Amino acid sequence: MNSIPIQEKSKSSFWRHIFWPRLRRNRMAMAGAGIVLTMALLALLAPFLVRDPGHIDVSLRLRPPSLSYPLGTDDLGRDVLARILYGGRISLLVGFVAVGIASTIGTVLGALAGYYGRWVDGVIMRFVDIMLCFPSFFLILAVVAFLEPSIWNIMAIIGLTGWMGVARLVRAEFLSLRERDFVLAARAAGARDRRIIFLHILPNALSPLLVSATLGVAGAILTESALSFLGIGVQPPTPSWGNMLIVGKQTLGSAWWLSAFPGLAILLTVLGYNLLGEGIRDALDPRLRE
Amino acid sequence: MISYLLKRLVLMVPLLLGITLVSFVVIHLAPGEPTDLQTQLNPEVSAELQQRLRAQYDLDRPLLVQYGKWLSRLVRLDFGDSFSQDRRPVTAKIAERLPVTILINVLSITLILAVAVPVGILAAVRRNSTFDRLTTLFVFIGFATPSFWLALLLMDLLGVRYGLFPVVGLKSLGHDYLSFTARVFDILRHLVLPVFVSAFGGLAGFSRYMRANMLEVIRQDYILTARAKGLTERRVIGHHALRNALLPVITILGLSVPGLIGGSVIFETIFAIPGMGKLFYDGVMMRDYPLIMGILVIGAILTLVGNLLADLGYALADPRIRRG
């Protein structure tokens, strides 16, 4: 199969010589990338940067921000900055795994529907239509009601209810790509369906997937934080941005830092992924830019 | 038009069937039994009573039979009785909560359109102006703001600190003793924060969408023609461009229904508003499974109706589709 290396070479020069310079020039996208990287680094390096997020000291409870506690302390005297950094680990983990699950399901179903067409397409896309009828937050809540609210279940549920957009996207790519000459050539060379789908077509359909995954991380983080805020997501004492805001609500009007900072962390992170995602979209295809 | 409507309605039947199937499967695939909360957590429940409860809800029958029975009751609009203390029919519980949720969502859509359409147009017409840049900034912040956090901040600032708006429920304590106008005013005051919170994310989305549509439309040849005819800019934008830029908004309105309904869980729970979202949340907490399944189905049907209305609206607004 000579076609693969040749194709990959042209791909890598696209990424290096066209995509990257375009992305570099986009200041909004670079700001987004900066936020995304900073947040990821802070979360990764949290153990070296801050105190133990679970350390309780009641004598220090509800301290406003100060030099030794830059973001104040919570109702149990725990360091809010430490809890936000450790909460970031949870949020990012949930975001990435959930998007991974959604992208995998969506890609496989979308590829099958787009490649085989006919009844396969009919069945899969009707299923997509049905799933899209449900307000996704309802579906998530309904399942959460009957499961232990662990972070693994949360990831699985967000992923299992969020693949429909990806499926539509990948299907559309496959519909147009399957008619192209290189697919015909691969088939003429005797390649089997599975090889054509995953080795020949899929790599060419990945760029829209990259955009939807980046934006998807933002969405998953928002969903996780809402679930945790409602008390059915990540459970205390594990810190998450959503469940930290529960305390913020309880101390409404007396400890503003408990509701301000975790929310700001969510806003910044989601903003970062959205900016980066839109930037990637524009860099992939400037014609799509409004 | 009539035949179009009929065709759409017929197409909805398999979707409806699929919706009931998914709702049923979602609940029954989950581990544990719906009656667990009533039986296992209560030591006084005997094995015999547990068996009777199971029989009462057909839990001792095969899943397919359970689905068939549930479906045949659904068709007769019987969603079963709630597991909660009052044991009232699910339909009655939903019926008394639904109007509140619909009222808030209609108000919030109205607010979204009233603000987002002019903002989007202005941002498109004055592309790259300070106004446009500020709008873009607001759009990105609006997308990234968790609605529950916004609710929290507004409650803190406008509710608790300045006492401008009530932060809990729909009615004040002495509501029933007020005159009619005072009662309406009382409810409106309670609705200000929830409606604003539920509209916030949509405001960002719609302004951006409206701006993109408008930019697309003013590139078209017929706009050039209109300008060449010597029409005023006001007429070109307000008449020729606006109508075409507004068309896709109708579709997006229909598509935004599930998001709005889903979002109602969040703000109704925070503001303790007795709507369908709060009912659902409480049902989830109580594992009230006839209620959960009922609201899942109703939520999905509302989405279908929203899409249908959007398509009809589109057909009414666009002669090319109406006659095609």
Side-chain angles (χ1 to χ4, degrees), chain A residues 28 32 126-127 129-148 160-161 215 218-219 221-223 225-232 241-242 245-246 248-249 251-254 256 258-260 262-264 266-275 278 289-290, chain B residues 14-15 18-19 21-23 26-27 29-32 34 136 140-141 143-150 152-153 155-156 159-161 167 208 211-212 215-216 257-266 269-270 277 280-281 283-287 289 292-293 295-296 299-304 307:
Chain A
M28 301 263 268
R126 284 306 78 69
F127 185 46
D129 288 344
I130 291 168
M131 290 295 287
L132 281 174
C133 281
F134 291 100
S136 63
F137 209 71
F138 273 26
L139 215 49
I140 291 172
L141 274 183
V143 183
V144 167
F146 296 94
L147 293 178
E148 288 289 308
L160 288 172
T161 51
L215 297 176
I221 289 178
L222 276 179
T223 308
S225 64
L227 286 174
S228 300
F229 178 70
L230 292 178
I232 41 189
W241 294 336
L245 283 168
I246 300 176
K249 189 181 178 193
T251 52
L252 208 64
S254 62
W256 59 269
L258 289 181
S259 29
L264 268 179
I266 303 173
L267 191 148
L268 259 181
T269 311
V270 171
L271 184 68
Y273 280 93
N274 280 341
L275 287 174
E278 304 246 341
R289 197 169 195 166
E290 2 100 40
Chain B
L15 274 182
I19 285 168
L21 189 63
V22 170
S23 306
V26 158
I27 303 298
L29 275 187
T136 309
F140 274 102
I141 290 179
F143 272 139
T145 308
S147 61
F148 62 90
W149 183 55
L150 180 70
L152 211 60
L153 293 185
M155 278 167 102
D156 187 352
V160 178
R161 203 158 301 175
V167 293
R208 185 172 171 75
R211 174 179 179 272
L215 284 177
E216 182 64 36
V257 169
L260 283 169
I261 298 177
S264 66
V265 175
I266 297 175
T269 306
I270 296 178
F280 190 66
Y281 177 78
V284 162
M285 285 317 205
M286 304 285 299
R287 295 197 177 186
Y289 101 115
I292 296 176
M293 291 208 297
I295 296 186
L296 265 185
I301 290 177
L302 283 178
T303 307
L304 272 183
N307 289 347

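Just so it is clear: chains get the letters A, B, ... in the order the sequence lines come, proteins before strands, and each one is counted from 1. Here the structure is a predicted model, which means the values were calculated and not measured.
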Heavy-atom cut-off 4.5 Å, strictly under: side chain, backbone, both or neither for B:Phe143 against chain A? both
Hey, what do you get for CZ (A:Phe134) to CD1 (B:Ile301), rounding to the nearest 0.5 Å? 9.5 Å
Kindly indicate whether the side chain of B:Ile270, heavy atoms from C-beta on, has any atom under 4.5 Å from the side chain of A:Phe229. yes
Side chain to side chain contact (heavy atoms under 4.5 Å, CB included) assessment of A:Phe137 paired with B:Ile261: CA-CA 9 Å; A:Phe137 209 71; B:Ile261 298 177; over 6 Å; no
Where does B:Ser147 contact chain A at under 4.5 Å (heavy atoms): side chain, backbone, both or neither? neither
Non-hydrogen atoms of chain B under 4.5 Å away: do they reach the side chain of A:Leu132, the backbone, both or neither? backbone
From A:Leu227 CG over to B:Ile266 CD1, what is the distance, rounded to the nearest 0.5 angstrom? 8.0 Å
Flag side-chain contact, heavy atom, 4.5 Å: A:Val144 against B:Val284: no
Measure across A:Ile130 and B:Ile19 and return the closest heavy-atom pair with its distance rounded to 0.1 Å. CG2-N, 3.8 Å
Can you find a pair of side-chain heavy atoms, one from B:Phe148 and one from A:Leu230, that are under 4.5 Å apart? no
How long is the span from the CG atom in A:Leu267 to the OG1 atom in B:Thr145, to the nearest 0.5 Å? 4.5 Å
To the nearest 0.5 Å, how far apart are CG in B:Leu302 and SG in A:Cys133? 11.0 Å
Go through the steps to decide whether B:Val265 and A:Phe138 satisfy the test side chain to side chain contact (heavy atoms under 4.5 Å, CB included), and finish with yes or no. CA-CA 8 Å; B:Val265 175; A:Phe138 273 26; 3.2 Å; yes
Could you tell me whether the side chain of A:Ile266 reaches within less than 4.5 Å of the side chain of B:Trp149, counting heavy atoms only? no
Contact part of B:Met155 toward chain A, heavy-atom cut-off under 4.5 Å: side chain, backbone, both or neither? both
Over all heavy atoms of both residues, which pair between A:Ser259 and B:Asp156 is shortest? Give the atoms and the distance, please. OG-OD2, 4.4 Å
Heavy-atom pair with the smallest gap, counting every atom of B:Thr303 and A:Pro135: OG1-CD, 4.2 Å
